[in-house]
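Computed from heavy atoms alone, side chains included, the values below leave out hydrogens, waters and symmetry copies.
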Amino acid sequence: LTAYAGKKIRIAFYHVAAWPDTAPGWFIDDLEILKLVPEFTGTFEEGWGDWSVEHGVWQIGAPESGSCLSGEKCAATILDGNYPHDTDSSLISAPIRLPEEPGTEGNLLRFWHWFSYWTSDAGYVYLSELNTATGEWSDWILAPGGGPIVGSSGDWTRKTIPLNDYAGKTIRIAFYHVAAWPDTASGWFIDNIRLPGIYLPPCEGDFDNDGDVDGSDLTKFSTYFGRFNCSVEFDFCSGDFDNDGDVDGTDLGKFSEDFGKTPEQCFITPQ
């Protein structure tokens, strides 16, 4: 229900039955709504997490043909064929606060995608900003360079979107898919989404996202080593791999494992 955060809702368990046959039906018990702090995740290996969808279509899992960029799961307009015509649907992230001073790498959204769209269909990347005074989200706006994403990528490619205008602000990201009628295609597949403070395997120490873990990443790690107030309320700490609020020896051990890795080791190419 993350898409409805801040709104008053009702829940309906809707049952429908045709004629003439029936069955025992539907039994419901122990209804529970958990109110948690949404967490932005950059990979879909654990499933949906706090991602949500408007108007259906989007799925998360293993493609029936081909593979994700890395791991077993990714997000796709459909995993086992062509997307349906006459559809529009958004895959929406959990909120994330961007650092006010992100450092040399800047506030950049990076993700890998594979797409194959019919002539009149496309994908877009939209942003919405939280008004911290009112708790209301802004209307969705097209991100800089956020589309249209059309045609065919041919293979997995990396896309970068600058977000420096949103430094210090809380945003959501929407991958918006729209399809006309009547022809369709394989659609849009997304994996390994990176934002400042989101570090993904297999090279979590690749802070500048250039495909390796080298001296520039060590400099970034050294800047934050010893910090103990790492959180979205204060500031992001590059290198807080275990998300315990500090950058200490445990994080140094993780960085040491990554140090020296090459692009061939940092970017897993689908087989």
Side-chain angles (χ1 to χ4, degrees), residues 1-7 9-12 14 38-69 71-96 109-130 136-153 156-157 159 161 163 171-195:
L1 300 175
T2 303
Y4 300 93
K7 300 177 181 178
I9 65 170
R10 295 185 299 173
I11 297 171
Y14 174 65
E39 179 184 0
F40 186 100
T41 50
T43 179
F44 300 99
E45 291 306 303
E46 301 301 321
W48 284 96
D50 287 315
W51 288 85
S52 59
V53 169
E54 287 185 350
H55 304 161
V57 179
W58 285 94
Q59 299 176 336
I60 290 176
E64 186 175 87
S65 60
S67 61
C68 299
L69 176 75
E72 297 181 354
K73 297 179 182 179
C74 51
T77 48
I78 192 165
L79 293 166
D80 60 354
N82 289 358
Y83 54 80
H85 59 73
D86 281 335
T87 53
D88 67 286
S89 178
S90 293
L91 174 68
I92 303 172
S93 76
I96 184 169
L109 165 65
R110 296 181 174 94
F111 61 93
W112 286 78
H113 63 165
W114 179 94
F115 55 90
S116 178
Y117 271 117
W118 188 252
T119 306
S120 55
D121 307 333
Y124 300 83
V125 181
Y126 280 86
L127 299 173
S128 178
E129 178 186 341
L130 178 66
E136 298 291 328
W137 287 97
S138 71
D139 293 336
W140 291 103
I141 64 170
L142 186 65
I149 295 165
V150 295
S152 176
S153 62
W156 284 92
T157 61
K159 186 170 181 61
I161 292 178
L163 299 177
I171 65 169
R172 294 182 300 171
I173 299 164
F175 296 96
Y176 175 65
H177 155 87
V178 59
W181 184 89
D183 297 304
T184 63
S186 301
W188 197 8
F189 291 70
I190 296 170
D191 205 357
N192 285 22
I193 304 166
R194 287 180 180 265
L195 280 167

Student: Specify the closest pair of heavy atoms between Ser89 and Val53, including all atoms of both residues, with the distance to one decimal.
Tutor: OG-CG1, 3.6 Å
Student: Please determine which of Ser93, Pro95, Ser128 meets the side-chain contact (heavy atoms from CB on, under 4.5 Å) test together with Ile173.
Tutor: Ser93
Student: Does a side-chain heavy-atom distance below 4.5 Å link His177 with Val57?
Tutor: yes
Student: Looking at CZ of Phe189 and OG of Ser153, how far apart are the two atoms once the value is rounded to the nearest 0.5 Å?
Tutor: 10.0 Å
Student: Using 30° and 60° as the class limits, which term best fits the ring planes of Trp58 and Trp188: parallel, tilted or perpendicular?
Tutor: tilted
Student: List the residues meeting side-chain contact (heavy atoms from CB on, under 4.5 Å) with Ala62, not counting sequence neighbours, and say none if there are none.
Tutor: none
Student: Search all heavy atoms of Cys68 against all heavy atoms of Gly61 and return the closest pair with its distance.
Tutor: SG-O, 3.9 Å
Student: Do you know which two heavy atoms are closest between Ile161 and Pro144, and how far apart they sit?
Tutor: CG2-O, 3.3 Å
Student: Between Thr77 and Gly187, what is the shortest heavy-atom contact and its length?
Tutor: OG1-CA, 3.3 Å
Student: What residues, two or more places apart in sequence or in another chain, satisfy ring-ring contact (aromatic ring centres under 6.0 Å, His included) together with Phe44?
Tutor: Trp51
Student: Show your working on side chain to side chain contact (heavy atoms under 4.5 Å, CB included) between Tyr176 and Glu54 and close with a plain yes or no.
Tutor: CA-CA 9 Å; Tyr176 175 65; Glu54 287 185 350; over 6 Å; no
Student: Restricting to ring-ring contact (aromatic ring centres under 6.0 Å, His included), what partner residues turn up for Phe115, sequence neighbours left out?
Tutor: His113
Student: Can a donor-acceptor pair be found, under 3.5 Å and without considering hydrogens, that links the side chain of Asp191 to the backbone of Trp112?
Tutor: no
Student: To the closest 0.5 Å, what do you measure between CD1 (Ile60) and CD (Glu46)?
Tutor: 11.5 Å
Student: Does Asp86 have more than 12 heavy atoms from other residues, nucleotides or ligands lying within 6.0 Å of its CG?
Tutor: yes
Student: Applying salt bridge (charged side-chain N to carboxylate O under 4.0 Å, His left out), which residue pairs with at least one partner in residues 113-129 are found, sequence neighbours left out?
Tutor: Glu129-Lys169
Student: Can you list everything that forms a side-chain contact (heavy atoms from CB on, under 4.5 Å) with Glu72? Sequence neighbours excluded, please.
Tutor: Glu45
Student: Using the side-chain contact (heavy atoms from CB on, under 4.5 Å) criterion, which residues pair with Ser116? Sequence neighbours excluded.
Tutor: Trp114, Ser152, Ala185, Ser186
Student: Between Val125 and Leu109, is there a side-chain heavy-atom distance shorter than 4.5 Å?
Tutor: yes
Student: Working to the nearest 0.5 Å, report the span between CD1 of Ile171 and OH of Tyr126.
Tutor: 15.5 Å
Student: How far does OG1 of Thr43 sit from CG of Leu69, to the nearest 0.5 angstrom?
Tutor: 9.0 Å
Student: Roughly how far, to the nearest 0.5 Å, is CH2 of Trp137 from CD1 of Ile92?
Tutor: 10.5 Å
Student: State which residues pass side chain to side chain donor-acceptor pair (under 3.5 Å) with His85; sequence neighbours excluded, sorted by chain then number.
Tutor: none
Student: Using a 4.5 Å cut-off on heavy atoms from C-beta on, say whether the side chain of Thr87 contacts that of His55.
Tutor: no
Student: Can Trp156 and Asn192 be said to form a side chain to side chain contact (heavy atoms under 4.5 Å, CB included), step by step?
Tutor: CA-CA 11 Å; Trp156 284 92; Asn192 285 22; over 6 Å; no
Student: For side chain to side chain contact (heavy atoms under 4.5 Å, CB included), just list the numbers for Trp48 and Leu91, CA-CA rounded to whole Å, side-chain angles, deciding distance to a tenth of an Å, and then say yes or no.
Tutor: CA-CA 10 Å; Trp48 284 96; Leu91 174 68; 3.8 Å; yes
Student: For Pro148, what residues pass the side-chain contact (heavy atoms from CB on, under 4.5 Å) criterion, not counting sequence neighbours?
Tutor: Ala122, Tyr124, Val150
Student: If you round to the nearest 0.5 Å, how far is CD of Glu136 from NZ of Lys7?
Tutor: 8.5 Å
Student: Compare every heavy atom of Ile190 with every heavy atom of Cys74, then report the nearest pair and how far apart it is.
Tutor: CB-O, 3.3 Å
Student: Nearest heavy-atom pair of Tyr117 and Ile149: which atoms, and what distance?
Tutor: CD1-O, 3.4 Å
